[in-house]
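Below is one structure, written out as structure tokens; the observations come after it.
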2 protein chains.
Amino acid sequence: MRFPKLYEQLAPLGPIPESEWERAESLAREQAVERKAHFLRPGDAADRFAVVLQGVFRLVRVSARGGETVKAFRAEGELLGAYAEMLQRVASMTSIEALEPARVLVFRTQDFQTLEEGHGCWVRVARRVAERHFLLKERREQEFLELSAEERLDTFWAENPHLRGRVPQRDVAAYLGITEVALSRIMSRKRKRTE
Amino acid sequence: MRFPKLYEQLAPLGPIPESEWERAESLAREQAVERKAHFLRPGDAADRFAVVLQGVFRLVRVSARGGETVKAFRAEGELLGAYAEMLQRVASMTSIEALEPARVLVFRTQDFQTLEEGHGCWVRVARRVAERHFLLKERREQEFLELSAEERLDTFWAENPHLRGRVPQRDVAAYLGITEVALSRIMSRKRKRTE
DNA sequence: GGGCGAGGTTAACCCAGGTTAAGGCGGCAA
DNA sequence: TTGCCGCCTTAACCTGGGTTAACCTCGCCC
């Protein structure tokens, strides 16, 4: 098993033969990404994705009117890429930036396609990836519809303990759909309540 | 081509042989759903889905604390089902209810699986379905993050002109994540501005 | 016709969060 | 050391939306 965390996220997923892992790794290229450097920036072709080996990334959507919204964070063992843009074969509207010095294992989507043609297991992987992405977004939609900002914050830390201390507060705020000022206020409210 | 609207939504998708359409239709069962009747209710097994032939449905998520949120509307040519629950093989947490007298073409997920085993085209369909669902949710996430309630309303009508006059305002409000009172206020604000 | 129930509107009041602006504070470079 | 920068906090003020409750209007059934 090559990427236990990734594999676990995609479960239930049939086994992938050792020979296929080897074939996949022969197509991948390890790459270092410095803190504050970009894995992808808006306008780039969305023709590659990666597995995070080390570090944390933030995925930022830059809107037409200049607003920035944080769509997600990605840490060790997770997939990194402008997935929506890949599916639609359009240029990336997402900026993917390392919050720490990072290492990633990069695949070209084109190479992955040849993997798929070679062995059915990769088609199953691709499908599970699509389904996982959907489930995550659906959960997030639900949170926006029925939770307050404070509850979304609690949920965020409960589900992402590994991000503690690794993402700046302003990015957490942008992820929750509020300003950093509001987040600071919420946190001090919580502090007062429990002391 | 059997379901042009559905097929178009899933594009780009390879052709499906006529014989496979026939096989699929032999597994399907047409069903009438009365106004206010349920295609699925919370607690039901999420073991079937349908294509809407006629009518409009609303998909409601009933939360633990009793809150209701509208996740989506589905009209002619669209897929109907508790997709997230199907993927996770858990009981439905979604209530699917007809807003008009409706007709649907029902498939059991189990039957669809045998379709998939029979011909690769159905695997491709399933994958596109997952990807489409993801893209829709991603768009919705984006709207929550960067648009005001009023802008979400405009977007909603721009993207769903076919729902005009077919869905009650309170459901539109619940879909937008606001109350019906707030929606009414927004609409009267708009009216005043343009008169 | 009268009553009634569903869906929509309006108003009054409250609160969460946005906006703006003024610090605080630790780290780092000159 | 000094000064600056990145990140966070706090405060004052404003606004959009929630809550509650009264009311309107239409369709429907008796």
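Chain naming here is simple, since letters A, B, ... match the order of the sequence lines and numbering starts at 1 in each.
The side chain of A/Arg185 lies closest to C/dT19 when the candidates are D/dC8, C/dT19, C/dA12. Checked against D/dG18, D/dC8, C/dG7, the side chain of B/Arg170 finds its nearest nucleotide in C/dG7. Picking from C/dT19, C/dT9, C/dG17 the nucleotide with the shortest atom distance to the side chain of B/Glu180 gives C/dT9. For B/Ala149, whose side chain is taken as the heavy atoms from C-beta onward, the closest listed nucleotide among D/dT10, D/dG17, C/dT10 is D/dG17. Among the nucleotides D/dG17, D/dT9, C/dG8, the one closest to any side-chain atom of A/Met187 is D/dT9. Here C/dT10 is the nucleotide among D/dG6, C/dT10, D/dG18 with the atom lying nearest to any side-chain atom of B/Arg191. Each of C/dG8, C/dT19, D/dT10 was ranked by its minimum atom distance to the side chain of A/Ser188; first place goes to D/dT10. Nearest nucleotide to the B/Val181 side chain, out of D/dG17, D/dT20, C/dG17: D/dT20. Comparing C/dA16, D/dG17, C/dA6 against the side chain of A/Arg189 picks out C/dA16 as the nearest.
Residue B/Thr179 has a polar side-chain atom (N or O) positioned under 4.0 Å from OP1 or OP2 of D/dG18.
Classification of B/Glu143 and B/Arg152 as a salt-bridged pair fails, no side-chain N sitting under 4.0 Å from a carboxylate O. Look at A/Glu30 and A/Arg103 and you find a salt bridge, because one of the NZ, NE, NH1 or NH2 atoms lies within 4.0 Å of a carboxylate O, short of that distance.
When rounded to the nearest whole Å, the span between CG of B/Leu153 and C1' of D/dG17 equals 14 Å. One interatomic measurement links the two molecules: CG of A/Leu183 to C1' of C/dT19, which rounds to 16 Å at whole-angstrom precision. Here C/dC15 presents its P atom at 17 Å from CD of A/Glu151, a figure rounded to the nearest Å. Regarding B/Gln169, its CD atom lies at a distance of 18 Å from the P atom of C/dA6, rounded to whole Å. One atom, CD1 of A/Ile186, and another, P of D/dT10, lie 14 Å apart when rounded to the nearest Å. Straight-line distance from the CD1 atom of B/Ile178 to the P atom of C/dG8: 13 Å, rounded to whole Å. Counting to the nearest Å, the C1' atom of D/dG17 and the CD atom of B/Glu150 are 13 Å from each other. Following rounding to the nearest Å, B/Phe144 (CZ) and D/dG17 (C1') show an atom-to-atom distance of 14 Å.
Side-chain N/O atoms of B/Glu117 and B/Thr114 include no donor and acceptor closer than 3.5 Å. Between the side chains of A/Thr69 and B/Gln142, at least one donor-acceptor pair of N or O atoms lies under 3.5 Å.
Scanning for ring pair (Phe, Tyr, Trp, His ring centres under 6.0 Å) contacts around A/Phe39 gives an empty result, with sequence neighbours left out.
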